[in-house]
Amino acid sequence: MTAQTPPPVPAAPTTPAAPAPAASTPAPAPAHQHAFLEVGRCHYDAATQLAKSPPLFGSADHLAGIAAECAIKAMLLDFFGSVQDTPLGIPYSPAIRNRPAQSQTQAKKAWKDSQHGHLPHVWDQLLLLANGHHGATVLAQIPQQNPFRESTDEWDVAHRYRDSGQISEQRVKRHLAAARTVIAAYQQAK
């Protein structure tokens, strides 16, 4: 009996090493692609379905507000110089954040005011920051009076905890119309 020699093992494929970055060139920051407009559309679609049932008016109204908020944030990021580069991903306006401050209190206020949080505040930020060609297009499309800031019926993100019986059909329709208008304004400005 003769010993057989095993077949040769193929060499592991080698991949060329990536060239080392030049010492003087910093690596680019990864580009963050937000999905605010797409998420806003999804919330709007869900809200329109929920608005067909009075027991679900609370959820419909909440999602209508979130839909508008998302579309506004998309506009602020895509058209009006806002950025989303913080660890928590909260978009903000450098124009507001970096305004001159006379005191530490004013600097803290500018920091807080620059964050694009929830409605109704973010609608007011859009009105403040909209400028140029995109701004003219957006401002021609949306109401100048914030439909989420009604003295007797202000939209608040905490209303998601409200009983749907406290939310009127008229309120839901008003907020759905506002969300639809903001989404359409984004498309027109694009």
Side-chain angles (χ1 to χ4, degrees), residues 21 25-48 50 58-132 134-135 138-139 141-143 146-150 153-162 167 171-172 175-176 178-187 189-190:
T25 307
H32 177 76
Q33 291 294 321
H34 70 82
F36 283 115
L37 186 63
E38 183 59 33
V39 171
R41 285 184 184 137
C42 290
H43 288 316
Y44 175 78
D45 291 343
T48 58
L50 293 172
S59 296
D61 190 61
H62 176 70
L63 289 178
I66 296 296
E69 185 178 294
C70 287
I72 289 169
K73 288 177 183 179
M75 283 191 268
L76 290 167
L77 287 164
D78 292 346
F79 306 142
F80 306 120
S82 292
V83 294
Q84 187 182 19
D85 62 0
T86 64
L88 294 177
I90 298 170
Y92 67 93
S93 168
I96 296 172
R97 182 165 291 179
N98 298 328
R99 65 183 177 209
Q102 301 298 321
S103 68
Q104 186 69 16
T105 303
Q106 286 179 338
K108 285 180 182 178
K109 182 173 178 359
W111 182 272
K112 185 175 191 259
D113 288 348
S114 72
Q115 293 183 335
H116 302 317
H118 296 293
L119 286 168
H121 181 65
V122 74
W123 186 288
D124 299 333
Q125 288 176 317
L126 176 62
L127 295 177
L128 174 70
L129 295 169
N131 59 51
H134 292 300
V138 168
L139 293 175
Q141 303 279 325
I142 66 170
N146 188 336
F148 294 93
R149 177 169 281 148
E150 299 276 331
D153 199 17
E154 185 171 296
W155 187 93
D156 190 287
V157 72
H159 289 170
R160 66 187 179 272
Y161 304 120
R162 265 188 168 175
I167 307 292
R171 174 189 165 116
V172 174
H175 290 158
L176 280 170
R180 183 175 53 253
T181 298
V182 173
I183 291 169
Y186 180 98
Q187 292 302 327
K190 205 161 74 166

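All heavy atoms count here, side chains included; hydrogens, waters and symmetry mates do not. All of these numbers come straight from a predicted model, not from anything done at the bench.
- Side-chain atoms of H134 come within 3.5 Å of backbone atoms of A189 as a donor-acceptor pair (strictly under, hydrogens ignored).
- Within the 4.5 Å cutoff, the side chain of Y44 has no heavy atoms near those of the C70 side chain.
- The two atoms that bring I72 and V122 nearest to each other are CG2-O, 3.6 Å, heavy atoms only.
- Rounding to the nearest 0.5 Å gives a distance of 4.5 Å between CD1 of I142 and CG of L126.
- Taken from CD1 in I167 to CZ in R162, the straight-line distance is 4.5 Å, to the nearest 0.5 Å.
- I90 CD1 to D85 CG: the interatomic distance, rounded to the nearest 0.5 Å, is 11.5 Å.
- Remark: the backbone N or O of L129 is paired with a side-chain donor or acceptor of N131 at under 3.5 angstrom.
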Stepwise, does the side chain to side chain contact (heavy atoms under 4.5 Å, CB included) test hold for R99 with D113?
CA-CA 11 Å; R99 65 183 177 209; D113 288 348; 3.1 Å; yes
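- L119 contributes atom CG, which lies 8.5 Å from atom NZ of K73 (distance to the nearest 0.5 angstrom).
- Looking at Q125, its side chain never comes within 3.5 Å of a backbone N or O of Y92 through a donor-acceptor pair.
- Remark: the backbone N or O of V157 is paired with a side-chain donor or acceptor of R160 at under 3.5 angstrom.
- With E154 contributing its side chain and R149 its backbone, the two residues share no donor-acceptor pair below 3.5 Å.
- By the 4.5 Å heavy-atom criterion applied to side chains, K109 and K112 are not counted as neighbours.
- Note that CZ of F79 and OH of Y186 are 4.5 Å apart. Values are rounded to the nearest 0.5 Å.
- Taking both residues in full, the closest heavy atoms of T181 and P143 are given as CG2-CD, 4.2 Å, listed atom of the first, atom of the second, then distance.
- In this structure a side-chain-to-backbone donor-acceptor pair under 3.5 Å is missing from N146 to W123.
- Using a 4.5 Å heavy-atom threshold, the side chains of V83 and P94 count as touching.
- L37 and A74 get closest at one heavy-atom pair: N-CB, 3.8 Å.
- Atoms CG and NE2, on D156 and H121 in that order, are 13.0 Å from each other to the nearest 0.5 Å.
- Shortest non-hydrogen contact noted between G135 and F80 is N-CE2, 3.4 Å.
- Taking 4.5 Å as the limit, some side-chain heavy atom of M75 sits within range of a side-chain heavy atom of V182.
- When every heavy atom of A179 is checked against every heavy atom of A64, the shortest pair comes out as CB-O, 3.4 Å.
- No donor-acceptor pair closer than 3.5 Å links the side chain of K108 to the backbone N or O of S103.
- For the pair H118 and E69, the minimum side-chain heavy-atom distance is below 4.5 Å.
- Taking every heavy atom of both residues into account, R97 and S114 meet most closely at NE-OG, 3.0 Å.
- Considering only residues two or more places apart in sequence or on other chains, F36 meets the ring pair (Phe, Tyr, Trp, His ring centres under 6.0 Å) condition with H34.
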